[in-house]
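Step one of this worksheet: look at the structure below.
For reference, positions follow the sequence shown, starting with 1.
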Amino acid sequence: MLARAGFIGYGVLHLLLAWLALQVAFGNSSGENSQSGALEELAAKPFGAFLVGAIGVGLVAMAIWQALEAAIGHQAEDGRERVFERVVSVGRALIYLYFAFTAYKVISGANSSNADSSQKLTEKLMSATGGRFLVGLIGIAILAIGAGLIYHGWKKKFEEHLNTGEMSPALRKVARRLGMAGYISKGVAYGIVGFLVVSAAVTYDAEKARGLDAALRTLVEQSYGPILLGLVALGIACYGVYCFVQSRYRKV
């Protein structure tokens with residue numbers, strides 16, 4: 001039940017991210033445009049700290065669920081596919097924990113900036129022997145995640161994790177479109193982040209490795225950037241709504 005509630009919180013987080021991305025597209029952004037920025041914006045509202053805390057609890061539950069999936073789940077798959085799905089579950093668990101920790105830092109008043117943390121970590125890694133090579137590998141890994149998300153959305157792989165038999169034909173069609181738009185848009189965002197991390201390693205410039213905030217600002221600076229960023233924001237919003245569908249129909 002907590003994991004399903006966590007999907008609602010995860011959806012709210014993505015809707016806030018989409019709103020921040022639109023602010024960047026229209027030139028009205030003054031704060032950080034990342035997961036921490038979204039949670040900070042929510043925390044500033046009435047009862048916001050409670051809502052951020054509730055989202056954090058849901059994310060922890062989702063992390064525990066994915067950890068169990070990594071350890072004993074995915075029994076329906078065979079061989080390499082089972083191993084692959086379990087590795088993906090480990091990745092999801094770590095991501096959910098990271099966002100839950102970000103929520104904790106927001107409500108505790110600590111410095112929760114994802115962008116600052118990413119830049120500082122990159123600076124530390126690049127100052128060590130072989131650090132630039134490691135940062136480059138991390139960037140390539142993020143690029144691969146982005147490509148995987150785009151593939152996941154384009155091939156509609158996400159439907160394998162839904163109880164589609166319980167859906168009406170109309171809802172299934174809507175869920176398919178939301179999932180495709182959401183995963184592809186997230187893949188594009190991850191791809192830009194990965195490119196910037198690789199670029200930071202090549203140019204020895206840690207300021208480029210500021211995560212989603214840098215990715216959104218880089219995109220808006222390109223030709224037709226505001227239009228492209230607006231489309232990405234719409235896709236991220238679609239993923240947020242898709243999370244609400246997952247809260248009811250995801251195989252948990």
Side-chain angles (χ1 to χ4, degrees), residues 10 13-14 17 20-21 24 32-39 59-60 62-63 66-67 69-70 80 83-106 110-154 157 182-222 229 232 235-236 239:
Y10 204 45
L13 176 59
H14 280 81
L17 279 173
L20 293 178
V24 176
E32 181 177 318
N33 305 286
S34 65
Q35 293 84 359
S36 59
L39 290 172
L59 288 168
V60 170
M62 292 170 71
Q66 283 300 307
E69 286 284 275
R80 292 181 181 179
V83 172
F84 174 78
E85 289 293 343
R86 287 182 172 179
V87 170
V88 171
S89 288
V90 171
R92 289 188 184 124
L94 293 175
I95 290 172
Y96 295 149
L97 278 178
Y98 176 70
F99 290 155
F101 182 61
T102 299
Y104 166 75
K105 289 196 293 184
V106 167
N111 180 18
S112 60
S113 172
N114 292 146
D116 287 346
S117 298
S118 178
Q119 181 177 339
K120 289 177 182 178
L121 177 59
T122 302
E123 289 173 347
K124 288 182 180 180
L125 288 175
M126 290 199 299
S127 65
T129 303
R132 291 176 68 183
F133 178 72
L134 179 58
V135 170
L137 286 179
I138 293 172
I140 292 172
I142 296 173
L143 276 168
I145 291 173
L149 287 170
I150 292 172
Y151 176 81
H152 195 73
W154 184 256
K157 292 289 186 179
Y183 277 104
I184 291 173
S185 297
K186 286 188 68 174
V188 169
Y190 270 88
I192 297 172
V193 171
F195 173 79
L196 291 175
V197 172
V198 172
S199 180
V202 172
T203 61
Y204 204 75
D205 184 3
E207 287 189 7
K208 294 181 179 179
R210 290 180 61 81
L212 184 61
D213 182 69
L216 297 180
R217 296 187 186 280
T218 298
L219 182 57
V220 79
E221 292 170 0
Q222 308 308 308
L229 183 53
V232 170
I236 293 174
Y239 184 82

Could you measure the distance from the [atom1] atom of [X] to the [atom2] atom of [Y]? Nearest 0.5 Å is fine.
X	Y	atom1	atom2	value
Ile236	Leu229	CD1	CG	8.0 Å
Tyr239	His14	OH	NE2	5.5 Å
Leu97	Tyr104	CG	OH	14.5 Å
Thr102	Leu59	OG1	CG	9.0 Å
Arg92	Glu85	CZ	CD	6.5 Å

For [X] and [Y], which heavy atoms make the closest approach, and how far apart are they?
X	Y	value
Ser89	Gln66	OG-OE1, 3.0 Å
Leu13	Ala38	CD1-CB, 3.9 Å
Ala67	Ala93	N-CB, 4.0 Å

Pairs where residues 191-200 contributes a residue and the test side-chain hydrogen bond (donor to acceptor under 3.5 Å, both in side chains) is met, not counting sequence neighbours: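 Listed by first then second residue: Ser199-Lys208.
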Residues which pass side-chain contact (heavy atoms from CB on, under 4.5 Å) with Phe84, listed by chain and number, not counting sequence neighbours: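 Counting only residues at least two positions away or on another chain, Phe84 forms a side-chain contact (heavy atoms from CB on, under 4.5 Å) with Val88.
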Those residues that, when tested against Tyr96, pass ring pair (Phe, Tyr, Trp, His ring centres under 6.0 Å) (two or more places apart): Tyr10
Hey, can you pull the donor-acceptor pairs under 3.5 Å for the side chains in residues 132-154, sequence neighbours left out?
| unit_1 | atom_1 | unit_2 | atom_2 | d |
| --- | --- | --- | --- | --- |
| Arg132 | NE | Ala201 | O | 2.9 |
| Arg132 | NH2 | Ala201 | O | 3.0 |
| Arg132 | NH2 | Val202 | O | 2.7 |
| His152 | NE2 | Phe158 | N | 3.4 |

Partner residues of Lys157 under the salt bridge (Lys or Arg N to Asp or Glu O under 4.0 Å) criterion, sequence neighbours left out: Glu160
